Amino acid sequence: MRIGEHMSTLMIQATRRWQAADPLLPWPALPTGCGPVLIATGPPGGLAAAGSCEHWAGEPGSLELAWGAALRFRLTPCVAGPDVADGLDRLLARWRDHLAEVPGTDKPDTAAVVTWPSRDIGGVAALRRRGLMPTEVIAARPAGRPVTEAGPGERANVLSLDEVRIRRAELADLDVVTRLGLHMVRYDAQVSNATERLGTEAALECEAAGWLASAAPWTWLAERRGRPVGLLSAERPPAAAWIAPLTAAAPVAYVMLMFVEPGERGRGVGAALARHFHREADASGVGVTLLHHGVLNPLSAPFWSRQGYRPLWTTWEATPARAIR
Ligand SMILES: CC(C)(COP(=O)(O)OP(=O)(O)OC[C@H]1O[C@@H](n2cnc3c(N)ncnc32)[C@H](O)[C@@H]1OP(=O)(O)O)[C@@H](O)C(=O)NCCC(=O)NCCS
């Protein structure tokens with residue numbers, strides 16, 4: 001068999017496993033990185049796994065730089081199974097050898113990144129063994145999924161939501177949206193790989209100006225007696241096209257920013273913002289909403305779960321990139 005046929009067999013096996021594990025997963029992508037295709041052979045002579053390593057460098061001053069290392073080496077793995085742990089382990093070893101030869105992968109602001117299907121748990125042992133840590137989850141909410149309401153007595157500290165108004169943000173709110181967005185980056189930086197950089201505030205302001213200049217932006221503010229206390233900002237399907245290939249469902253919307261002032265948390269402001277957004281997204285025909293949240297974020301993980309989201313992908317990282325074992 002030629003390599004192309006081996007690759008097709010590998011893709012078919014990986015597709016079957018993914019479909020069985022999670023119907024929201026897309027078909028696995030063929031390796032298309034900037035380096036050579038990395039291959040782990042399997043018995044007898046076939047392919048156990050294949051992948052490619054994309055070398056990504058953040059554009060100076062871009063908002064994307066706030067969400068992780070400046071230089072990211074991203075592996076797109078495709079593993080046949082049934083022994084997923086072994087196939088992935090051998091592919092990760094090939095990747096480690098590749099990264100050892102790439103200049104600069106020992107610098108602190110670099111990361112080796114793998115985004116692995118959350119429910120394909122056969123890969124977890126190999127990822128851990130190679131020194132990668134789970135940092136973020138890409139969570140998905142299929143349209144119309146109901147929220148889990150708090151049980152009686154669970155919301156003893158809730159203050160009246162009557163004084164809270166949710167309204168669409170406009171260009172005049174640019175300062176507020178930038179400030180609340182920056183607070184989210186600062187919170188995230190304590191519990192994930194997010195980093196506030198020199199250009200982060202300016203980048204946020206520039207991006208937010210673009211969102212707010214559009215017609216009926218999907219950016220909402222929560223105000224208590226006229227004072228902004230919360231923010232939710234999301235991308236409609238055309239703008240979220242960059243993340244759409246990560247799921248089989250469509251059209252895809254993406255939640256970019258969510259923040260509630262510390263003194264206002266736990267009173268239902270976040271749930272009110274999410275309700276507002278979901279109502280509009282569902283009505284406009286969105287099939288699934290995606291978002292990132294830190295694995296270690298003690299507030300957002302349970303919050304989004306209550307709002308109908310569940311893990312689709314988990315991002316695993318080693319920093320610096322050469323730290324992968
Ligand atoms: C995640 C976040 C937006 C939720 O907003 P919120 O207004 O606290 O949300 P809600 O009050 O609707 O729900 C929070 C839940 O935590 C509970 N809670 C209780 N006390 C709380 C407190 N002091 N702080 C936070 N949550 C508390 C709430 O009761 C509620 O649980 P429930 O659904 O079982 O009732 C907010 O915690 C936040 O801004 N976190 C920091 C930034 C962040 O993590 N952003 C999300 C990035 S993906």
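Both counts, for ligands and for their atoms, begin at 1 and track the order of listing. These numbers come from the heavy atoms of this one structure, side chains and all, not from hydrogens, waters or symmetry mates. Because the structure is predicted, anything quoted here is derived from the model rather than measured.
- The shortest N/O to N/O separation between R267 and ligand 1 falls below 3.5 Å.
- Applying the 4.0 Å criterion to heavy atoms of A271 picks out, from ligand 1, the atoms 12 (O).
- Taking the six-membered ring wherever Trp is involved, the centroid distance between the rings of F303 and H293 does not fall below 6.0 Å.
- Checking P302, S300, S305 against atom 1 (C) of ligand 1, the nearest heavy atom belongs to S300.
- For ligand 1, the polar-atom distance check finds an N/O of R306 within less than 3.5 Å of one of the ligand's N/O atoms.
- With hydrogens and angles ignored, the 3.5 Å screen pairs no side-chain donor or acceptor of S52 with any backbone N or O of V37.
- Residue nearest to atom 41 (C) of ligand 1, selected from H292, E264, R265: R265 (by heavy-atom distance).
- Of the N or O atoms in M258, one or more lie within a sub-3.5 Å distance of an N or O in ligand 1.
- When V185, L291, V260 are checked for heavy-atom proximity to atom 5 (O) of ligand 1, V260 turns out nearest.
- Between W313 and W18, the ring-plane angle classifies as perpendicular under the 30° and 60° cut-offs.
- In summary, the atoms of ligand 1 found under 4.0 Å from a heavy atom of W304, numbered by their order in the structure, are 48 (S).
- Ring-centre distance between F73 and W56: not below the 6.0 Å cut-off.
- Cation-pi contact between R265 and F259: present, with separation from the ring centre below 6.0 Å and deviation from the ring axis of at most 45°.
- The environment of E59 atom CD is sparse: at most 12 non-hydrogen atoms of other residues, nucleotides or ligands sit within 6.0 angstrom.
- Below 3.5 Å of separation, one finds an N or O of G266 facing an N or O of ligand 1.
- Close approach of ligand 1 to N297 (heavy-atom distance below 4.0 Å) involves ligand atoms 43 (C), 44 (O).
- For ligand 1, the atoms lying closer than 4.0 Å to a non-hydrogen atom of H293 are 48 (S).
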Original post:
Going through the checks in order, is the salt bridge (charged side-chain N to carboxylate O under 4.0 Å, His left out) test met by E264 and R227?
Top reply: CA-CA 11 Å; E264 293 282 343; R227 191 176 70 84; 3.7 Å; yes

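- Atom OG in S62 sits 8.5 Å away from atom CZ in R197 (nearest 0.5 Å).
- Taking every non-hydrogen atom of F259 and a distance limit under 4.0 Å, the qualifying atoms of ligand 1 come out as 39 (O), 42 (C).
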